[in-house]
Structures are given as C-alpha cells and as structure tokens.
2 protein chains.
Amino acid sequence: MLNEDTKAMPRECGDCPIRHRAVCARCEADELERLDQIKYYRNFEAGQTVIWAGDKMDFVGSVVSGIATLTQAMEDGRTQMVGLLLPSDFVGRPGRVTAAYDVVATTDLVMCCFRKQPFEDMLNRTPHIAQRLLEMTLDELDAAREWMLVLGRKTAREKIASLLSIIARRDAALNMVGRTGPMVFDLPLTREAMADYLGLTLETVSRQISALKRDGVIVLEGKRHVTVPDFNRLLDEAGDDSDGGMLA
Amino acid sequence: MLNEDTKAMPRECGDCPIRHRAVCARCEADELERLDQIKYYRNFEAGQTVIWAGDKMDFVGSVVSGIATLTQAMEDGRTQMVGLLLPSDFVGRPGRVTAAYDVVATTDLVMCCFRKQPFEDMLNRTPHIAQRLLEMTLDELDAAREWMLVLGRKTAREKIASLLSIIARRDAALNMVGRTGPMVFDLPLTREAMADYLGLTLETVSRQISALKRDGVIVLEGKRHVTVPDFNRLLDEAGDDSDGGMLA
DNA sequence: CGCCGGGTTGAGCGTCCTCAAAGAATGTGG
DNA sequence: CCACATTCTTTGAGGACGCTCAACCCGGCG
C-alpha cells in the first residue's frame, strides 16, 4: 500500500499547479511549510481504483493533475457518479474512517496526500485550512444541487448539453481562454462514464451526442474531441438561463 | 421585512430545542452568550416563502421548528427540490450575497436568524462555529450525493420507498423511538412536494404510494399518516442494503 | 490477423408522463 | 347551515421518452 505510489516527483508547494485553488490556498508561508513536511504524492494509472467504498481510508488529499470520479453503486450494478474530481479538488472527509464512495482514476492521476491524523491536527490548529475547506465543501454542495436538477428534471438531450457546457466552461476557465469564438475541448469521460454521471444508459448518451452533432450544436472530431461553435446555443439546449451566463 | 416575524417568543439559547445539533452545538457558554445577543427569531406560516432565489440575503439562520424546502426551478416551471430543511438545519451561505435557491416553509416555521455580517465575524473568530458548520455541510453533501443515486438510478417505486424510509428513520431518531416494532409517522410533504423531491410527477407519486399500500409495505390512515409494519421490507423496496442498516 | 474495448445504430418494449375527470377534505360567504 | 370554491389527492387512458437487447463499426494492440 506504500509502494506503487512514491514514484511521483516531489514538488515544492511553492510552484504547485493547484497552489491557489486547493485546500491550502489560503495558507501563509509558515503554514505551507508545515503542510509541505507531511504531504506525499501518489500516482495512479487511468482506470485504477483509488479507494473502494467501505474501505478504511487513512489519508485525505487533493487532485494535482488528472481526473477521478466518485461513484456509488447498488447491489444489482446500477451506478451513479456523484462527483467529478478535477485538479485542486479535495478527496476524503475529516472525521470519517471509511470511504463513502468508490474513487476511480479516469485518467492518469497525481494526488497530493496527507495521512489523516496529521491533517486533522493541522485542520484544528490552522483556521486558514478550515476556512478554505469549508468554502470548497460549500461549492461542492452547490454543484451537487445543480446536478440534482439535471438528474431529476432534464431530458436526455438537456442532460448531455448540460454536461458538455460544464466541461466546456471549466476547460475555458482552466486554459484562461476568452469567452468569444468557438470552444474546443476533449471529453475526459467514456460514454459509459457520462451515462453514469447523467443517470442514462450509454446508448442514450451516444444517440443524443449524435443528435446534437446532426443538429449542428456541436462538431465532433473523432469520438472525444468537441467543438462548440455557439456556446449560447448549447446553453439553450441545456435548458439553462442563457443570459444569466455570468453567474458570479 | 421586520414586522411579520418579531412576534416569536424570545428564548434562552440554554433551553433551545436544537441547542445540541445546530451550528452552535459546540459553543462554550461564553460563545453562546455572544450568539445570544445577535440572534433574533422569525416566524413563517405554512406556504410562505422565506427567500426567493436571486434575492439579496442579508441573514443566515437555523430552523428551530417546522420544515422548509430548498428548491430550484427552470424557466418553464419544472422544479426540483434540492434540500429538505429540518430543525437544526442551517440556511444560507457565508460569503454569498444572493440566495441560490427558493426557500419555502412547508409547515409553520420558526427560524433563529443572524444578520450576515455579524455572523461572519463570529464565524471567523470562533473555531467552534466554523468546525460545526463544516461538519454540517459535509453531512449535507453526503445527503445530496445519496439523493443523486435516488434521482439518477432508482425506479419510481424505489424512489417513494427511499423517501419514506428516510422520513421514517429521522422521525424515529427525533422521537428516540426504538428500532423494533412498526414505525408510525406523518408525511410532512404534499404529493407534489414529494414529486419535486423525487423527480417524478405527482400522479406517479400517488400511484406508487397506492401500490405500496396495496402490497402491504405501508398502511395509510388518511392521506398523510403512515405506518410501516416491517421496516426492512421497506428498505428492500428502496433498493438499499437492508442488512447494512447500521451505517454508523 | 484476430481480438478487445469503446462507440454507434436499430427495433421493440416498458415505465413514467400527459391529459383528463372526479373524489375527499377544508374553508368561505350567503 | 348549506352551497360553493379551493386545494389536495386518486384513478384512468393513451402516448412518448428512454431502456433493453442486439448487431455492427472502428481503432489499437498483442
């Protein structure tokens, strides 16, 4: 349990790519130094399971690069994704011993980890960490609630458009691309993973993507590379308030 | 905006019914006293809207008694409930100026409120409040994720059974009733509110409740009073792990 | 080359939605 | 006190959307 991972290159927190967004974002230099001392990196390959639901979880951590999913499964195999973990997102819950969900790396993944006990000690002694974690948790709660509307009330086509618009938006944010002109990105998920995210079957996902392509809402190059010529059109298809695009 | 509500009887925090569960749960006597000084009560009648999504929100607070709902609506009227607020639950987000969701009282409601600015000041100076709020937010996130599985993957019958089991469980917890014997409770929601919670139509809710009644899973007295003769049977209908009932 | 995982497309069916009517419970005004 | 409106609920008939099952395509890799 401690061997497959320590091959990650050590980094200075100072030039960490998620320095300004992760749970450590508000830390002062001295606080950061203490985190630096207890952190360690772990690498996971695409497809690898980070943790199984129900397993003892002796660490928490942040996604540094790559993408992971949080999923919940019923006994008969029905699966629902409940979280999409992107760089800077936090994994694990302070005060809980076992993992509540399966965490799976969908791409190669680097995580910045802390053993649970030392992290919780720091959390209690460092308001800057606690404040940031609260903020991030509230953001996740908002995202989860947004997703409840998608799952509960949107049609298959709207669901797909919603997912695409979210991926497009965050991709634009990540790459600091302006809001004008066509948006271009790669889908980080298989059709099946999208289906699990959206509460659909993979066939329906495939059909609706084909339909959006046929209707010119998106342009596909291969199966994963997407161009969105008119983002407002996509928002419209998603059933979202297209004018309220600037939601703080 | 300050008149319909100040009729609530003032209370001492010391004998507040949600003292040990709300955001103030971890406060020491002196901290509680300071909260006491900035708190005020507001009453709402059943059906009254507490806040509209998008409105400026100058207070936060806890539900003292009664039930409220958090809902999100699309322009065409489709509505999804994203939270059910029970006594001790917290309303409002520190650091945000406008409400993200509609908050509606479904029963007569008493809230213990704080103006936003004073509360945020206390939040920053009082780790006991921040810790408790983080814990509560993490719990809500878990509940939201649990609900995503219900919305995305369960059948109408399973959805109804899930909702009933949740209400039954929390009602038993509230009334300190043992886990043996039949469970009895009142539905705090209309069929339409249940539908909005479950991503169904009210007709489907009605039909599925009738079906569960016909099959003996529940016994109805009137439209709201429910008896569950065999709770494990209900969990089974919900598609939940019935043996893993003891989920810490 | 053949296999395998991921993806697309088609046909048929079932669950849940839509539209509609009517019953039950509560409150209001004449 | 009863007629009437209103709200909540139930039940029915028909139809649509998304699921199931199945075949096939495509690209990468041993």
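Every chain is numbered from 1 and lettered A, B, ... according to where its sequence line falls, protein lines coming before strand lines.
- For DNA chain D, the residues of residues 147-165 of chain A within the heavy-atom distance limit of 4.0 Å (strictly under) are A:Thr155, A:Ala156, sorted by number.
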Using atom types as modelled, flag every donor-acceptor pair under 3.5 Å from a side chain in residues 147-154 of chain A to any protein atom, sequence neighbours excluded.
unit_1: A:Trp147; atom_1: NE1; unit_2: A:Tyr197; atom_2: O; d: 3.0
unit_1: A:Arg153; atom_1: NE; unit_2: B:Thr79; atom_2: O; d: 2.7
unit_1: A:Arg153; atom_1: NH1; unit_2: B:Leu200; atom_2: O; d: 3.0
unit_1: A:Arg153; atom_1: NH2; unit_2: B:Ala195; atom_2: O; d: 3.0
unit_1: A:Arg153; atom_1: NH2; unit_2: B:Asp196; atom_2: OD1; d: 3.0
unit_1: A:Arg153; atom_1: NH2; unit_2: B:Leu200; atom_2: O; d: 3.0
unit_1: A:Lys154; atom_1: NZ; unit_2: A:Ser162; atom_2: OG; d: 3.1
unit_1: A:Lys154; atom_1: NZ; unit_2: A:Ala238; atom_2: O; d: 2.8
unit_1: A:Lys154; atom_1: NZ; unit_2: A:Asp240; atom_2: OD1; d: 2.8

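- For the segment residues 186-195 of chain B, the set of residues with a heavy atom within less than 4.0 Å of an atom of DNA chain D comprises B:Thr190, B:Arg191, in numerical order.
- With hydrogens and angles ignored, the 3.5 Å screen pairs no side-chain donor or acceptor of B:Ser206 with any backbone N or O of B:Leu202.
- For residues 207-217 of chain A, the salt bridge (Lys or Arg N to Asp or Glu O under 4.0 Å) pairs, not counting sequence neighbours, are A:Arg157-A:Asp215.
- Following rounding to the nearest Å, A:Leu198 (CG) and D:dG18 (P) show an atom-to-atom distance of 12 Å.
- Separating the CZ atom of B:Arg214 from the P atom of D:dT10 is a distance of 13 Å, rounded to the nearest angstrom.
- The nucleotide range of DNA chain C contacted by chain A, defined by atoms under 4.0 angstrom from heavy atoms of the protein and reported 5' to 3', is C:dG7 to C:dA11.
- Within the structure, salt bridge (Lys or Arg N to Asp or Glu O under 4.0 Å) contacts touching residues 54-70 of chain B (residues at least two apart or in different chains) do not occur.
- In this structure the side chain of B:Leu212 reaches within 4.5 angstrom of the side chain of B:Leu164, judged on heavy atoms.
- Here A:Asp139 does not pair with B:Arg96 in a salt bridge; the nearest charged N to carboxylate O distance is not below 4.0 Å.
- Residue B:Leu109 forms a side chain to side chain contact (heavy atoms under 4.5 Å, CB included) with just one option from B:Val50, B:Ile67, B:Val103, and that option is B:Val50.
- At a threshold of 4.5 Å between non-hydrogen side-chain atoms, the residues A:Gln208 and A:Val205 do not count as touching.
- Listed here is the closest heavy atom pair of B:Ala53 and B:Ala100: CB-O, 3.7 Å.
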Taking only nitrogen or oxygen atoms into account, show me every contact under 3.5 Å that the protein makes with nucleotides 11-15 of chain D, one pair per line with its distance.
unit_1: D:dT11; atom_1: OP2; unit_2: B:Ser210; atom_2: OG; d: 2.8
unit_1: D:dG12; atom_1: N7; unit_2: B:Arg207; atom_2: NH1; d: 2.8
unit_1: D:dG12; atom_1: O6; unit_2: B:Arg207; atom_2: NH2; d: 3.2

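- Among the protein residues, A:Gly47 comes within range of no part of the nucleic acid, since none of its heavy atoms lies under 4.0 Å from any strand.
- With a 4.5 Å cut-off on side-chain heavy atoms, B:Met183 and B:Leu234 do not count as touching.
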Original post:
How does protein reach along nucleotides 24-30 of chain D, written 5' to 3' as B (base within reach of a heavy atom under 4.0 Å), S (only sugar-phosphate), or - (no contact)?
Top reply: -------

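- Partners of B:Phe90 under the ring pair (Phe, Tyr, Trp, His ring centres under 6.0 Å) rule, at least two apart in sequence or in another chain, are B:Phe119.
- In this view, A:Thr49 and A:Trp52, A:Val104 satisfy the side chain to side chain contact (heavy atoms under 4.5 Å, CB included) rule, not counting sequence neighbours.
- Within the structure, the salt bridge (Lys or Arg N to Asp or Glu O under 4.0 Å) test picks out no pair touching residues 220-230 of chain B (sequence neighbours left out).
- A:Arg224 comes within 4.0 angstrom of sugar-phosphate atoms only, judged by non-hydrogen atoms across all strands, and of no base.
- Take A:Phe59 and apply the ring pair (Phe, Tyr, Trp, His ring centres under 6.0 Å) test, not counting sequence neighbours, and it matches no residue.
- Heavy-atom contacts from other residues, nucleotides or ligands closer than 6.0 Å to CZ of A:Arg21 number 12 or fewer.
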